[in-house]
Amino acid sequence: KLLDSINNFSFFKKIYILIWIFHPNSASIKKICKKKFNNYEIIFKPDNILHVYKSCGFAITACGTTVYELIAHKISFSYIVLDKDQKQLSNFLIKNDIGNYLGSYKNLRNIKNNFNKFLKINHTKQRYKFQKIIKSSGLTFLIEQIIHFSKK
């Protein structure tokens, strides 16, 4: 639904689509990619996505822990909220003007317009904000936070 909602992918030189085991219908992704993209690569159940991060300048993600990795790697991103557990992180990102909120999976009406805003934002300014938030990998940051809160 997300890929179908966005019409303008010409901004990107190459598109990587990462699919994990939880995706309900990976065949639909392949069908959409063949129809919409010229230069794409589908990576199914990746063990390591560091090589993608190294060649990636922009990302679209669910609003989960991947956001921390994108921030740590200084990759400008848009995000979609898939479920209520992701709402708290989304609220933090919106409050601090970090990333670009595309919308909620339950309400995809404005995704196209919100994505067009993403294409126009100052991505360098976004990456500068990232340096202030996370100075290590997302996993390291997450572990530090767990340790911090478990000591309380």
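Small disclaimer: the values here were computed from a predicted structure and weren't measured.
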Euclidean distance, [Y] [atom2] relative to [X] [atom1], rounded to 0.5 Å:
X	Y	atom1	atom2	result
Phe44	Leu18	CZ	CG	11.5 Å
Leu89	Phe92	CG	CZ	8.0 Å
Cys56	Leu70	SG	CG	7.0 Å
Ile75	Thr61	CD1	OG1	10.5 Å

**Study point:** Minimal non-hydrogen separation, Ala62 against Leu82, with atom names
**Key:** CB-CD1, 3.4 Å

Review point. Of the non-hydrogen atoms in Gln86 and Ile80, which two are nearest, and what is the gap between them?
Key: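 Result for this residue pair: OE1-O, 3.8 Å.
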
**Study point:** Aromatic contact, Phe77 with Phe58 (centres under 6.0 Å)
**Key:**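 Here the rings of Phe58 and Phe77 have centres that are no less than 6.0 Å from each other.
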
Practice item. Please state whether the rings of His51 and Tyr16 are parallel, tilted or perpendicular, taking 30° and 60° as the class boundaries. Key: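 Correct class here is perpendicular.
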
Flag side-chain contact, heavy atom, 4.5 Å: [X] against [Y]:
X	Y	result
Asn39	Ile15	no
Leu102	Tyr79	no
Ile17	Tyr40	yes
Ile19	Lys45	no
Ile49	Ile43	no
Cys63	Leu93	yes

Practice item. Examine distances only and state if a side-chain atom of Asn96 and a backbone atom of Ile98 form a donor-acceptor pair shorter than 3.5 Å. Key: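 It does not hold such a pair.
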
Exercise for review: May I ask you to check whether over 12 heavy atoms, not counting those of Glu41, lie within 6.0 Å of atom CD?
Suggested key: yes

Exercise for review: Count the heavy atoms of every other residue, nucleotide or ligand shown that sit under 6.0 Å from NZ of Lys14, and state whether that count exceeds 12.
Suggested key: yes

Point to revise | Non-neighbouring partners of Lys87 that pass side chain to side chain donor-acceptor pair (under 3.5 Å), sequence neighbours left out | key: none

